[in-house]
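Heavy-atom basis, side chains included; hydrogens, waters and symmetry copies ignored. This is a predicted model, so every value here is computed, not measured.
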Amino acid sequence: MTDTDKRFNPLAADRKWQQIWEESETFRADSASDKPKRYILEMFPYPSGRIHMGHVRNYTMGDVLARFERMRGHEVLHPMGWDAFGMPAENAAMEKGVHPGRWTRQNIATMRDQLKRLGFAFDWSRELATCEPDYYGHEQALFLDMMEAGLVYRKESAVNWDPVDMTVLANEQVIDGRGWRSGALVEKRNLNQWFLKITDFAEDLLAGLDDLKDWPEKVRTMQENWIGKSQGLTFDFPIDNGEVITVFSTRPDTIYGASFVAVAADHPLALKLAEDNAALTEFAEECRRTGTAAAEIETQEKRGFDTGLKATHPLDPNWELPVYVANFVLMGYGTGAVFGVPAHDQRDLDFARKYDLPVKRVVSDGDETAPEFAGDEAYSGPGSIVNSDFLNGLSIEDAQKAVIDRAETEGWGKGSTVWRLRDWGVSRQRYWGTPIPIIHSPDHGPVPVPRDQLPVTLPEDIDFDTPGNPLERHPTWKHTTCPISGKPALRETDTLDTFADSSWYFLRFASQPNDKPFDKDEIAQWLPVAQYIGGVEHAILHLLYARFWTRALKSIGLLDVDEPFASLFTQGMVTHETYQMGDGSWLSPDEVRKDGSDWAHIESGEAVEVGRVIKMSKSKKNVIDPEPIVDQYGADAVRWFMLSDSPPERDLPWSEAGIEGSWRFVQRVWRIAQMADADVPGEAGADKALLRVLHQTIAGVTEDIGQLGFNKAVAKLYTLAAAIEKAQPSPDRNEAIRSLVLMVGPMTPHLAEEAWALLGGEGLIADAAWPLADMAVAVDDEVTIAVQVKGKLRDTITVAKGLPKQEMEALALASEKVQRSIGGAEVRKVIVVPDRLVNIVV
RNA sequence: GCGGACGUGGCGAAAUGGUAGACGCAGCAGACUUAAAAUCUGCUAUCCAUCACUGGGUGUGCGGGUUCGAGUCCCGCCGUCCGCACCA
């Protein structure tokens with residue numbers, strides 16, 4: 001055997017085992033299996049073109065879990081698919097003239113190959129792409145189901161309209177008031193939009209968070225804030241022009257501290273007044289123009305426009321309050337109108353000081369009770385109510401109840417709950433999405449497409465040369481007939497927000513009958529997902545929408561699942577150093593070389609500044625494409641690197657040295673596998689030291705992987721490898737080698753299969769049983785204990801495990817170092833922790 | 001402003017309140033080699049003392065506290081990152 005034969009050749013091994021897994025359908029999930037089931041899911045990718053390191057990390061983690069659970073005797077569902085609708089495909093169509101479908105499917109083909117090249121244990125038989133009619137057709141059916149259940153409605157609402165691209169923009173796509181692509185000033189337009197009633201489930205979505213113990217605290221908090229429940233009082237201010245202004249307040253206890261009423265610039269009252277008031281019109285225009293960026297809000301001055309109208313205080317008919325239109329009141333929250341209590345709200349105070357309005361203290365901070373409120377800092381802390389008629393002396397909480405009671409008794413207001421969460425507007429004026437299955441009939445209005453006409457498919461012949469919605473412009477597609485009258489009618493040309501596609505894909509993975517979206521009983525076999533892994537960027541929208549769809553589908557009897565994802569893990573990003581030339585331009589890692597301790601540009605030799613380690617991004621040019629790395633080092637080294645060093649929730653800095661280290665470990669395991677010798681003489685159980693390390697490793701790695709502590713498992717496997725290398729040949733060493741190979745199986749599967757075959761293992765290692773730790777072997781019969789004097793380490797002594805306390809104490813006191821440290825002082829107390837330490841207090 | 005996370009060697013990081021720095025990377029020294037690659041061995045927080053063996057001090061962002069004992073628990077700061085944000 002030559003030296004090169006002894007090296008592990010990943011290029012050959014990767015291909016060989018991937019083919020074997022595929023041919024024997026190793027990772028096909030059987031819904032009818034009797035084994036306990038585990039559903040391991042990673043967020044499916046958008047087919048943007050190529051796999052990036054973030055995908056590799058995400059899917060490696062899921063893959064280790066999936067393979068680990070299989071080896072532990074579970075029937076595992078570990079599927080993969082494509083979140084295939086969306087804007088980038090249309091952008092490609094506009095820029096390169098390629099059809100969105102063609103572009104998307106090509107990307108899928110490329111990325112599927114790249115994923116297969118990494119040897120992930122996916123059940124490819126369940127692969128799906130949301131852009132195919134056999135997926136989105138079922139989505140249309142679910143949309144109609146929700147519609148029948150009253151969870152869908154249509155309403156005119158204001159949207160961000162890009163006049164150049166002629167399309168609606170999401171809030172995130174409006175940057176400084178301009179469209180992110182066109183750069184055109186965005187207009188507000190009123191359009192008829194379809195909405196899903198997510199607010200029907202607001203209370204339940206909020207309450208459900210409490211049960212998601214295995215979700216990151218951070219994500220739960222973000223969802224909680226997003227749902228944004230506020231309780232308070234909604235009540236009316238009569239206005240001297242005969243109208244009323246309805247306001248919402250979470251602090252009805254401060255009602256006697258009111259000094260003005262303010263409405264948003266878009267409030268109906270403001271709009272009406274502006275009709276014959278040019279100054280107000282201009283003011284309102286200004287309010288709309290100002291951005292909502294963080295910095296602007298901080299510096300933004302509170303400004304108002306005095307309408308001259310007076311509102312009557314609900315508790316005192318003789319008390320009149322000025323009515324303003326104010327720039328800090330939002331139409332989108334509550335009722336779009338507030339009453340200002342300057343003493344106890346910072347914004348109101350800023351406003352009152354500017355317009356010289358009264359500032360009256362109604363909550364005492366303990367010492368100060370006088371009505372005059374000085375200073376520029378509002379008091380919003382605890383206290384009791386003062387200067388407030390019948391509320392005086394009450395706690396804030398009791399006063400709130402008292403005011404709500406009185407309002408309800410007298411009929412001018414009522415206790416209410418206001419949510420930050422709005423209903424989900426799902427209409428998009430785009431081509432590359434799920435067509436909304438509605439026909440607009442001249443006689444019957446919007447009617448559902450009959451079920452037997454689903455799916456409503458997208459037309460293929462489409463024109464992207466002019467901006468706007470291609471479906472709207474298509475010559476024939478939208479023309480159809482009314483299902484009721486048979487008269488000519490028009491199809492809905494809007495498509496669904498792509499977040500709808502990802503709100504139920506995990507159900508279709510678990511069950512994919514032809515005649516319906518999914519089978520309830522088969523879903524019950526797999527759901528909820530045991531472990532969901534993905535980026536934290538989906539903490540709110542995707543995860544909230546998926547939770548909502550699950551509840552909506554349950555409420556109409558299609559499902560029997562409460563929460564789709566029992567446990568959620570948000571992984572960190574893959575990062576890399578950045579390199580910058582003197583002129584500020586960025587360089588990619590392959591354009592620079594290390595020049596001593598400095599870095600230089602290879603082409604020009606100029607000095608290069610090494611910048612912060614940040615998320616890989618095209619603009620900073622610090623991206624490492626996984627494909628050439630996999631070609632060079634093999635799938636296993638890349639996978640091993642993804643799991644090493646950094647804890648999975650933290651960022652992982654990519655480095656050339658790091659991947660080489662992983663490569664070395666792959667080769668090292670291969671060498672170790674070759675050390676196994678079936679004919680070695682000796683009896684099993686003789687090498688106690690090695691067996692101890694082995695069983696400690698098995699116990700530790702099993703626990704670590706179960707908790708997604710991959711970096712810790714990796715460290716323990718290194719230790720075991722070192723112990724095997726130091727051990728003498730023996731049956732025990734063979735056993736340790738076999739176990740090492742089994743334990744790297746989920747992480748470096750190609751290497752493990754190759755080594756397993758070499759060791760004469762039965763079948764595939766993917767199907768082999770995970771090793772069991774024998775704790776009796778794992779425990780040491782000797783322990784090294786620490787000896788401290790007043791908490792400071794003075795010596796360590798090795799004693800038999802389980803040595804009685806008195807003997808430990810005696811041994812510790814016998815230590816020369818300890819005696820020297822005590823120096824003859826009186827021993828006042830001795831703390832003894834069995835098998836751990838002795839602490840002598842003098 | 002609100003909420004969350006984090007702060008440990010040159011770097012990534014370990015550490016049920018009980019020997020801080022396991023493991024990896026980088027570095028240094030050595031072995032093998034004509035040489036290189038590969039591989040292997042040893043050292044590698046810091047300061048002081050010592051020819052050396054070794055001994056002692058300091059050390060987990062800063063300041064307090066609880067405890068026989070604190071990286072870990074409590075209080076108060078400082079800093080970094082992330083999310084949300086004129087939410088009434």
Side-chain angles (χ1 to χ4, degrees), chain A residues 3-4 6-7 216-222 224-226 228-230 232-233 247-251 254 262 264 290 292-294 296-298 300-302 326-330 332-341 345-348 350-351 418-420 536-537 539-540 573 575 597 613-614 640-641 644-647 649-662 664-665 667-668 671 709 711-722 725 784-797 817 820-821 828-833 835-842:
Chain A
D3 212 39
T4 44
K6 287 185 186 163
R7 300 191 86 189
E217 179 75 33
K218 173 184 172 134
V219 175
R220 289 191 300 181
T221 309
M222 283 166 76
E224 194 180 314
N225 293 341
W226 186 264
K229 182 181 186 176
S230 296
L233 173 69
V247 303
F248 170 74
S249 172
T250 56
R251 294 295 301 275
T254 63
T290 41
T292 49
E296 288 180 67
I297 289 164
E298 299 241 323
Q300 179 78 40
E301 209 182 350
K302 304 285 175 282
N327 66 345
F328 66 93
V329 181
L330 308 174
Y333 185 79
T335 60
V338 300
F339 76 97
V341 184
D345 182 289
Q346 192 58 50
R347 290 160 307 173
D348 296 348
D350 294 346
F351 190 81
V418 162
W419 303 87
R420 208 193 84 107
V536 73
E537 67 272 18
I540 298 176
M573 298 176 297
T575 58
S597 58
V613 178
I614 53 170
W640 185 259
F641 182 86
S644 306
D645 293 354
S646 289
E649 69 279 9
R650 236 181 273 181
D651 289 350
L652 173 68
W654 176 270
S655 73
E656 193 68 23
I659 183 65
E660 277 169 10
S662 296
R664 278 200 293 274
F665 182 74
Q667 294 300 338
R668 191 174 167 198
R671 278 197 308 277
N711 57 321
K712 292 193 247 173
V714 161
K716 292 184 174 98
L717 290 168
Y718 272 112
T719 307
L720 175 60
E725 285 165 339
T784 304
I785 63 166
V787 183
Q788 300 176 334
V789 176
K790 289 199 333 194
K792 284 198 184 294
L793 183 72
R794 291 301 168 199
D795 200 1
T796 56
I797 52 179
K817 289 176 188 170
R820 196 163 58 218
S821 177
R828 287 175 24 220
K829 191 175 174 187
V830 179
I831 312 281
V832 181
V833 183
D835 297 339
R836 279 272 179 193
L837 61 62
V838 179
N839 187 12
I840 296 155
V841 187
V842 292

Among the nucleotides B:G69, B:U19, B:C87, which one has an atom lying closest to any side-chain atom of A:Ala786?
B:U19
Dot-bracket encoding of pairs in RNA chain B, which uses [ ] for pseudoknotted crossings and | for another strand, Watson-Crick or G-U under 3.5 angstrom:
(((((((..(((.....[....))).(((((.......))))).(((((....)))))..(((((..]....))))))))))))....
Polar pair under 3.5 Å, donor/acceptor by atom type, side chain A:Lys716, base B:C23:
no
Run the side-chain contact (heavy atoms from CB on, under 4.5 Å) check on A:Val833 and A:Asp835 step by step: do they pass?
CA-CA 6 Å; A:Val833 183; A:Asp835 297 339; over 6 Å; no
Taking the same atom, C1', in B:C40 and in B:A45, what whole-Å distance lies between them?
27 Å
For a 4.5 angstrom cut-off between non-hydrogen side-chain atoms, does A:Ile797 reach A:Val787?
yes
Please give, in whole Å, the distance from B:U39 C1' to A:Glu660 CD?
15 Å
Say you pick atom P in B:A36 and the same atom in B:C51; how far apart are they, in whole Å?
37 Å
Provide a list of protein-nucleic acid N or O atom pairs under 3.5 angstrom, restricted to nucleotides 55-61 of chain B.
| from | atom 1 | to | atom 2 | distance (Å) |
| --- | --- | --- | --- | --- |
| B:G55 | OP1 | A:Lys817 | NZ | 3.3 |
| B:G57 | OP1 | A:Arg794 | NH2 | 3.2 |
| B:G57 | OP2 | A:Arg794 | NH1 | 3.0 |

Nearest whole angstrom, please: distance from the P of B:C68 to the NZ of A:Lys790.
13 Å
Between B:A29 and B:G83, how far is it from one C1' atom to the other, in whole Å?
49 Å
Could you tell me how far apart A:Gln788 (CD) and B:G18 (C1') are, to the nearest whole angstrom?
6 Å
Reported NZ-to-CD distance for the pair A:Lys218 and A:Glu649, which is rounded to 0.5 angstrom
11.5 Å
Which pairs, protein N/O on one side and nucleotides 65-67 of chain B N/O on the other, fall under 3.5 Å?
none

A:Arg671 side chain, from C-beta outward: closest of B:U39, B:G12, B:C23
B:U39
Among B:G69, B:U16, B:A88, find the nucleotide with the atom closest to the side chain of A:Arg836.
B:U16
Would you call A:Lys229-A:Glu224 a salt bridge at under 4.0 Å N-O?
no
Would you measure the distance from the C1' atom in B:U44 across to the matching atom in B:C23 and give it in whole Å?
15 Å
Scan residues 784-795 of chain A for pairs that pass salt bridge (Lys or Arg N to Asp or Glu O under 4.0 Å), counting only residues two or more places apart or in two chains.
A:Asp795-A:Lys817
B:G79 and B:G61: how far apart are their P atoms, nearest whole angstrom?
16 Å
Side-chain atoms of A:Val841 come closest, of B:A88, B:U19, B:C68, to B:C68
Classified by glycosidic angle (syn within 90° of 0, else anti), B:G7 comes out anti
Please assess A:Arg668 against A:Tyr718 for the test side-chain contact (heavy atoms from CB on, under 4.5 Å), listing each intermediate value before the final yes or no.
CA-CA 10 Å; A:Arg668 191 174 167 198; A:Tyr718 272 112; 3.7 Å; yes
For A:Glu725 and B:C40, give me the distance from atom CD to atom P, rounded to whole Å.
6 Å
Is there a donor-acceptor pair closer than 3.5 Å between any side-chain N or O of A:Asn327 and the backbone N or O of A:Lys302?
no
Taking all non-hydrogen atoms of both residues, which atom of A:Ser644 and which atom of A:Asn711 are closest, and how far apart?
C-CB, 4.3 Å
Which comes earlier along RNA chain B counting from the 5' end, the contact point of A:Thr719 or that of A:Gln667, where each point is its nearest nucleotide?
A:Thr719
Do the side-chain N and O atoms of A:Tyr333 and A:Ser230 include a donor-acceptor pair separated by under 3.5 angstrom?
yes
Interatomic spacing from CG in A:Leu837 to CD1 in A:Ile785 - rounded to 0.5 Å
7.5 Å
Separation of B:A22 atom C1' from A:Lys712 atom NZ, nearest Å, is 12 Å
Strictly under 3.5 Å: I want the nitrogen or oxygen pairs between protein and nucleotides 44-49 of chain B, one per line.
none

Roughly how many Å apart are B:G18 and B:G27, using the C1' atom of each and rounding to a whole number?
33 Å
B:C74 and B:A85, which share atom name P, separated by this distance in whole Å:
31 Å
Measuring from atom CG of A:Leu793 to atom CG of A:Asn839, what distance do you get when rounded to the nearest 0.5 angstrom?
10.0 Å
Pick the closest RNA chain B nucleotide for A:Pro653 and for A:Thr784 by heavy atoms, then say which residue is nearer the 5' end.
A:Pro653
Tell me: CZ of A:Arg347 to C1' of B:A88, nearest whole Å?
5 Å
Verdict with supporting geometry, A:Thr254 and A:Phe339, side-chain contact (heavy atoms from CB on, under 4.5 Å)
CA-CA 10 Å; A:Thr254 63; A:Phe339 76 97; 4.3 Å; yes
Quickly work out the A:Asp645 CG to B:A13 P distance and round it to whole Å.
8 Å
Step by step, would you call A:Val329 with A:Phe351 a side-chain contact (heavy atoms from CB on, under 4.5 Å)?
CA-CA 11 Å; A:Val329 181; A:Phe351 190 81; over 6 Å; no
Does A:Asn711 put a side-chain nitrogen or oxygen below 4.0 Å from OP1 or OP2 of B:G12?
no
Is there a side-chain contact between A:Phe641 and A:Leu652, using heavy atoms and a 4.5 Å cut-off?
yes
Whether A:Asp345 side chain and A:Asp348 backbone form a donor-acceptor pair below 3.5 Å
yes
Please report the distance, rounded to the nearest Å, between NZ in A:Lys302 and C1' in B:A88.
12 Å
How is A:Pro647 classified with respect to the nucleic acid when contacts are heavy atoms under 4.0 Å: base, sugar-phosphate, or nothing?
sugar-phosphate
If you define the side chain from C-beta out and look only at heavy atoms, does anything of A:Val838 sit under 4.5 Å from A:Val830?
yes
For B:A88, does OP1 or OP2 lie under 4.0 Å from any side-chain N or O of A:Ser230?
yes
Phosphate OP1/OP2 of B:A26: any A:Arg664 side-chain N/O under 4.0 Å
yes
Tabulate atom names and distances for all N/O pairs under 3.5 angstrom spanning the protein and nucleotides 4-6 of chain B.
none

Residue pair A:Trp654 / A:Thr575, side-chain heavy-atom distance below 4.5 Å
no
Say we look at B:G24 and B:A14: how far apart would their C1' atoms be, to the nearest angstrom?
11 Å
Spacing of A:Ser662 atom OG and A:Asp645 atom CG [to the nearest 0.5 Å]:
7.5 Å
A:Tyr333 vs B:A88: side-chain N/O to OP1/OP2 distance below 4.0 Å
yes
Reckon A:Arg7 has a side-chain N or O less than 4.0 Å from the OP1 or OP2 of B:U39?
no
Any side-chain heavy atom of A:Lys829 sitting closer than 4.5 Å to one from A:Ile831?
yes
